[in-house]
Visitor: 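Got a structure for you, written out below as structure tokens; questions coming shortly.
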Amino acid sequence: MSLHPKESAGLTVKKNEDFSEWYTQAVLKAGLADYAPVKGFIVLPPYGYAIWESIREILDKRFKESGHQNGFLPVLIPESLLSKEEDHFAGFTPEVFWVTKAGDKDIGERLALRPTSETLAYSIFAKWITSYRDLPLKINFWNTALRAEIKATKPFIRTSEFLWQEGHTVHATEEEAEKEVMTILDIYKDLIENYLAVPVVTGFKSDSEKFVGAKYTTSLEGLMSDGRGLQMGTSHHLGQNFSKPFDIKYLGKDTKEHFAWQTSWGVSWRLIGALIMVHGDDKGLVLPPKVAPIQVVIVPIHKDKDAEGVKEKAREIESDLKKAGIRTHMDGRDEYTSGWKFNEWEMKGVPLRINIGLRDIEKGQVEFVRRDTKEKIPCDRPKLVEAASSLLATIQENLLTRAKLFLNENNFRPSTYSEFKSIVEERGGFVVAGWCEKVECEKKIKDETGADIRVLPFDQRGKPAKCIYCGEEAKKAAIFARAY
RNA sequence: GGGGCCGUAGUCUAGCUUGGCAGGAUGCCAGCCUCGGGCGCUGGAGGUCGCUGGUUCGAAUCCGGCCGGCCCCA
């Protein structure tokens, strides 16, 4: 594992004092990302990209197991195609980058750098699908999308180009498409909770927040440490909204022509931003073991004359752990003191550290240091590999437990609108309230408090009786929050 | 959409008000020393002062435009 060029010192702000500055420093100083020369674009050094690779491996496996295949789509979409579905086009057009020239010659029709690929993919799918035998078609694309972010940008959370996957499926029946939407949502939930250790609430987006062009959008919403919500992923039921303009039709067993039913879904590197925000602390990142590029770092502690002996032991440990499939790095650099290394690896969020010096070798032990609790745990050398795996599992579990606790503690149920406002304005968090399903109420609340409907949870137990804004009968329990 | 702050070596920064030799710390390189929480010493290299135009005998400094980073309000 090559290291990012080292920057001086640690974080200069505390997480709970200046969250925004803390986040930026945590990302940059850990070597997860760096700014590119163009506004809103970032560069990923290997340490940052490795986290994305972990996420991609996990999802890719799950997608393939559930019958999806990967494909490739070009980055340019002609305007005529992008504009074929009106709502979709109107929704995306303010943030589209356009290519208008080839060399110094003007191009006849503007070409969009894909903000998302529905239109392009579906114009192709229309050619591929003629019979019910061609269905279902389930394809995923690992690529980037480009959406111009003119004002606020933040590494991983809001960038003008982002790494993501976009899945697109075509089905013969609506039921099958609806099932697909939920299958994907479950895969996302498993990834986010059981690998990234970020608890989420799943449910529907309100009509005004749904994907432009979709029949409905399901979503996974996380809560960040500053009380703001973050959309972690979405899975859309497109109905026949795209199959009609793009003419995706098949001949059924009934020998009649039918429009197909479709879904699309995606998660992006935003997930990396979320796990930084949720788990990080004043010392820097705390990465969940399952996605950490380095799970265990070994820091040998020695005087010059003892260096080779101690490092030799450290290398043995490294080799044992690697054989057991644990991603391990032995930090044998001579130019840094052990204290310096402790701080650096903490900043980079390595979940488990092993200290080994003469003291430990004499006792036949090593010392584990947990990143999440800072706890130091001695361990006999023969039990080391087993203990490391079990500690990694414990850390993984503890991160989720801790995050769940935070989510529960920051879940509020105000009974009046003024109480609602003061929670949103003073503490943040997920605010559960009744909603009459009228757009006016949703909009007024957003205008007056800055909080919007993050999600209408699938779990509607405990739905309040009245709309928090107008007092009429509540049709849904909604989770409101200010969001990224 | 509206308002504000900022940009000087890899990094952080002084200098800008009142124009006149670009300075420090840290990092980097060499050598020595050291290692259980960001060691120490000696020497060295490193700068289009974000870019661009203007004012001036002279611009990091004053003025305009642009690029980039950040914050607040809606």
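Heavy atoms only: backbone and side chains are in, while hydrogens, waters and symmetry mates are out. Here is the naming used below: chain letters follow the sequence lines, and residue numbers restart at 1 for every chain. Everything numeric in this text was worked out from a predicted model, so none of it was measured.
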Visitor: On a whole-Å scale, what distance lies between the C1' atoms belonging to B:G27 and B:C12?
Guide: 10 Å

Visitor: Where the side chain of A:Asp304 is concerned, which of B:C35, B:C70, B:G36 is the nearest nucleotide?
Guide: B:C35

Visitor: On RNA chain B, check which nucleotide each of A:Thr153 and A:Glu367 is closest to and give me the residue with the more 5' one.
Guide: A:Glu367

Visitor: Checking all strands, does A:Lys376 fall into the base, sugar-phosphate, or nothing category for heavy-atom contacts under 4.0 angstrom?
Guide: base

Visitor: Starting at CG of A:Asp334 and ending at P of B:U34, how long is that distance when rounded to a whole Å?
Guide: 13 Å

Visitor: Out of B:G1, B:G38, B:C35, which nucleotide sits closest to the side chain of A:Lys151?
Guide: B:G1

Visitor: B:G37, B:C35, B:C71: which one has an atom nearest the side-chain heavy atoms of A:Val369?
Guide: B:G37

Visitor: Counting just side-chain N and O atoms, does A:Lys303 come under 4.0 Å of either OP1 or OP2 of B:C35?
Guide: yes

Visitor: Can you find a side chain N or O atom of A:Thr337 that sits less than 4.0 Å from OP1 or OP2 on B:G38?
Guide: no

Visitor: With a distance cut-off below 6.0 Å to the six-membered ring centre and an angular limit of 45° from the axis, does A:Lys444 pair with A:Tyr469 as a cation-pi contact?
Guide: no

Visitor: Pick the C1' atom in B:G38 and in B:G31, then give their distance to the nearest Å.
Guide: 23 Å

Visitor: Return no unless some side-chain N or O of A:Lys39 is found under 4.0 Å from OP1 or OP2 of B:G69.
Guide: yes

Visitor: In whole angstrom, what separates A:Gln25's CD from B:U11's C1'?
Guide: 12 Å

Visitor: Distance check, P atoms only: B:G1 and B:G46, in whole angstrom units.
Guide: 46 Å

Visitor: With rounding to the closest Å, how many angstrom separate the P atoms on B:C70 and B:U61?
Guide: 25 Å

Visitor: Does a side chain donor of either A:Ser415 or A:Glu419 reach within less than 3.5 Å of an acceptor in the other side chain?
Guide: yes

Visitor: Can you find a donor-acceptor N/O pair under 3.5 angstrom joining the side chain of A:Glu346 to the base of B:G37?
Guide: yes

Visitor: Does some side-chain heavy atom of A:Arg370 sit less than 4.5 Å from a side-chain heavy atom of A:Ile377?
Guide: yes

Visitor: Students often get this wrong, so: under 4.0 angstrom with heavy atoms, is A:Pro300 touching a base, only sugar-phosphate, or nothing?
Guide: nothing

Visitor: Give the rounded distance in Å between these two atoms: CG of A:Asn355 and P of B:G36.
Guide: 10 Å

Visitor: With no hydrogens and no angle check, just 3.5 Å: does a side-chain donor-acceptor pair link A:Tyr417 and A:Glu448?
Guide: yes

Visitor: Both distances under 3.5 Å, Watson-Crick or G-U wobble: report the partner of B:G1, or none.
Guide: B:C73

Visitor: What does A:Leu358 touch in the nucleic acid at a heavy-atom separation under 4.0 angstrom: a base, only the sugar-phosphate, or nothing?
Guide: base

Visitor: Would you classify A:Lys154 as touching base, sugar-phosphate or nothing, given that sugar-phosphate means primed atoms plus P, OP1 and OP2, and contacts are heavy atoms under 4.0 Å?
Guide: sugar-phosphate

Visitor: Could you work out the separation of B:C41 and B:C49 based on their C1' atoms and round it to a whole Å?
Guide: 32 Å

Visitor: Does the side chain of A:Ser208 come under 3.5 Å of the side chain of A:Glu442 through a donor N or O and an acceptor N or O?
Guide: yes

Visitor: How many Å lie between OH on A:Tyr35 and P on B:C6, as a whole number?
Guide: 18 Å

Visitor: Would you indicate which nucleotide in B:C71, B:G37, B:C39 comes nearest to any side-chain atom of A:Trp340?
Guide: B:C39

Visitor: Think A:Tyr336 has a side-chain N or O under 4.0 angstrom from the OP1 or OP2 of B:C28?
Guide: yes

Visitor: Which nucleotide, in any strand shown, forms a Watson-Crick or G-U wobble pair with B:G7, with both distances under 3.5 Å?
Guide: B:C67

Visitor: Between C1' on B:C72 and CZ on A:Arg482, what's the gap in Å once rounded to a whole number?
Guide: 12 Å

Visitor: Whole angstroms only, please: what is the CZ-C1' distance between A:Arg333 and B:G38?
Guide: 12 Å

Visitor: How do A:Val38 and A:Ala152 order along RNA chain B: which one's closest nucleotide is nearer the 5' end?
Guide: A:Val38

Visitor: Taking any heavy-atom pair under 4.0 Å as a contact, classify A:Asp360: base, sugar-phosphate, or nothing.
Guide: base

Visitor: So, is the end of the A:Lys476 side chain (NZ or CZ) under 6.0 Å from the ring centre of A:Trp435 and within 45° of the ring's axis?
Guide: no

Visitor: Using atom P in both nucleotides, what's the gap between B:G20 and B:G58 to the nearest angstrom?
Guide: 15 Å

Visitor: Taking the P atom of each, how far is B:C5 from B:G23, in whole Å?
Guide: 30 Å

Visitor: Is it true that the side chains of A:Ser80 and A:Glu109 contain a donor and an acceptor less than 3.5 Å apart?
Guide: yes

Visitor: Roughly, in whole Å, what's the span from CZ in A:Arg228 to C1' in B:C71?
Guide: 12 Å

Visitor: Would the A:Phe412 and A:Phe420 ring centres measure less than 6.0 Å apart?
Guide: no

Visitor: Just the rounded figure in Å: distance from P of B:C72 to CG of A:Asp18.
Guide: 8 Å

Visitor: Rounding to an integer number of angstrom, what distance separates B:G19 and B:G54 when you compare their C1' atoms?
Guide: 15 Å

